[in-house]
Amino acid sequence: MDDGHAAALLDLMTWRRDTRHFRRDPLTPDQLDRLRAALDMAPSVGNARPWRVIRVRDADLRARVRAEFDRCNAAAAERYDDATRAEYAQLKLAGLDRAPEQFAVFTDTAPDAGRALGRRTMPQTLEQSTAMAVHGLWLTARAMNLGLGMVSILDPGRMRALFDVPDDWRFTAYLCIGHTEFEDDTPLLHRADWQANLRTEWDER
Ligand SMILES: Cc1cc2nc3c(=O)[nH]c(=O)nc-3n(C[C@H](O)[C@H](O)[C@H](O)COP(=O)(O)O)c2cc1C
């Protein structure tokens with residue numbers, strides 16, 4: 001590895017954004033293969049590889065996810081005072097209508113792989129592993145000039161029911177992937193004055 005790699009990674013991280021504005025044009029099989037390979041390379045506790053990914057192609061399933069999002073988003077809005085609710089209503093919090101690729105991501109909380117290594121004291125490391133796989137996917141998508149948007153404004157129990165997954169699977173996130181309508185180096189929530197990007201501070205002891 002050299003300075004070129006470091007510069008390229010910094011560039012990717014600078015321009016990796018949560019994407020909610022997609023073009024509709026489909027991905028190629030080769031692009032999908034490369035995204036899948038990114039998941040294959042992700043770190044995981046004990047090499048348990050607990051992410052379980054459903055590529056959602058069916059229009060009816062997508063519509064039901066969309067309806068779930070609308071329901072949860074409206075409920076989330078209700079929890080704010082009037083002024084904040086109006087501000088919240090202006091936010092675009094998912095690209096579900098246009099994203100050509102959509103993935104429901106779950107975490108297997110009892111995977112055979114890994115033989116329980118590393119997770120006895122910290123079972124949450126399985127879900128952390130899935131989150132890290134998603135982040136790798138996110139950067140890979142950006143490197144391919146694609147965008148990824150993570151949607152968590154969904155009810156985990158209803159998502160499990162909707163996709164009829166095994167009892168041990170927990171819902172982690174719903175991902176939208178596709179070509180982006182525009183690029184930005186600043187989070188949308190920052191641009192919308194909802195929440196600025198803050199500097200990470202650390203303690204020294
Ligand atoms: C666990 C997780 C869940 C998220 N859920 C949503 C979501 O439901 N809707 C949304 O628009 N963005 C969601 N985001 C994106 C964040 O809003 C975004 O990462 C943050 O505002 C910083 O912006 P950036 O990713 O463009 O840097 C989620 C991000 C993470 C890490």
Side-chain angles (χ1 to χ4, degrees), residues 12 15-42 44 48-76 91-113 126-127 129-183 188:
L12 274 178
W15 289 94
R16 177 215 57 77
R17 291 281 66 75
D18 187 87
T19 300
R20 298 149 211 177
H21 298 83
F22 292 97
R23 301 199 327 245
R24 288 189 197 275
D25 30 320
L27 271 58
T28 63
D30 177 59
Q31 285 173 316
L32 283 166
D33 281 349
R34 289 166 66 189
L35 293 173
R36 188 199 302 257
L39 291 171
D40 289 344
M41 284 182 268
S44 63
R49 320 177 62 72
W51 44 89
R52 302 289 177 262
V53 181
I54 298 173
R55 183 178 172 214
V56 185
R57 307 191 67 193
D58 181 73
D60 180 55
L61 265 178
R62 284 188 178 199
R64 292 170 72 181
V65 171
R66 172 71 219 227
E68 269 303 305
F69 170 80
D70 287 344
R71 196 182 62 77
C72 294
N73 203 31
L91 299 173
K92 180 168 176 56
L93 294 173
L96 293 165
D97 289 335
R98 294 169 63 94
E101 291 293 336
Q102 304 192 9
F103 295 91
V105 181
F106 296 83
T107 301
D108 187 347
T109 61
D112 291 334
L126 289 168
E127 286 174 282
S129 300
T130 303
M132 293 181 78
V134 169
H135 189 240
L137 186 66
W138 212 328
L139 290 176
T140 304
R142 192 79 284 273
M144 292 163 60
N145 237 345
L146 300 169
L148 182 151
M150 194 154 173
V151 186
S152 57
I153 304 169
L154 293 162
D155 180 274
R158 285 177 181 250
M159 291 298 283
R160 292 188 60 258
L162 185 56
F163 289 97
D164 192 22
V165 298
D167 289 346
D168 289 330
W169 292 18
R170 283 209 192 137
F171 178 65
T172 301
Y174 194 83
L175 307 180
C176 296
I177 301 181
H179 298 273
T180 61
E181 276 194 327
F182 57 84
E183 294 183 1
L188 213 52

Report all side-chain donor-acceptor pairs from residues 165-174 shorter than 3.5 Å, counting only partners two or more places apart or in another chain.
from : atom 1 : to   : atom 2 : distance (Å)
R170 : NH1    : E127 : OE1    : 2.8
T172 : OG1    : T107 : OG1    : 2.6
Y174 : OH     : Q102 : OE1    : 2.8

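- Proximity of V151 to L175: side-chain heavy atoms (C-beta onward) are nowhere separated by under 4.5 Å.
- Residues meeting the salt bridge (Lys or Arg N to Asp or Glu O under 4.0 Å) test with D70, sequence neighbours left out: R66.
- Between W51 and S44 there is a side-chain heavy-atom pair separated by less than 4.5 Å.
- For R142, the salt bridge (Lys or Arg N to Asp or Glu O under 4.0 Å) test picks out E183, with sequence neighbours left out.
- For D60, the side-chain contact (heavy atoms from CB on, under 4.5 Å) partners two or more places apart in sequence, or in a different chain, are D58, R64.
- The side-chain hydrogen bond (donor to acceptor under 3.5 Å, both in side chains) test applied to R55 returns E101, not counting sequence neighbours.
- Applying the salt bridge (Lys or Arg N to Asp or Glu O under 4.0 Å) test to D164 and every residue at least two apart in sequence or in another chain returns nothing.
- Residues meeting the side-chain contact (heavy atoms from CB on, under 4.5 Å) test with M144, sequence neighbours left out: Q31, R34, L35, T140, L146.
- In this view, R160 satisfies the side-chain hydrogen bond (donor to acceptor under 3.5 Å, both in side chains) rule with no residue, not counting sequence neighbours.
- Looking at residues two or more places apart in sequence or on another chain, you find no side-chain hydrogen bond (donor to acceptor under 3.5 Å, both in side chains) involving R17.
- Under the side-chain contact (heavy atoms from CB on, under 4.5 Å) criterion, D25 pairs with R23, H179, not counting sequence neighbours.
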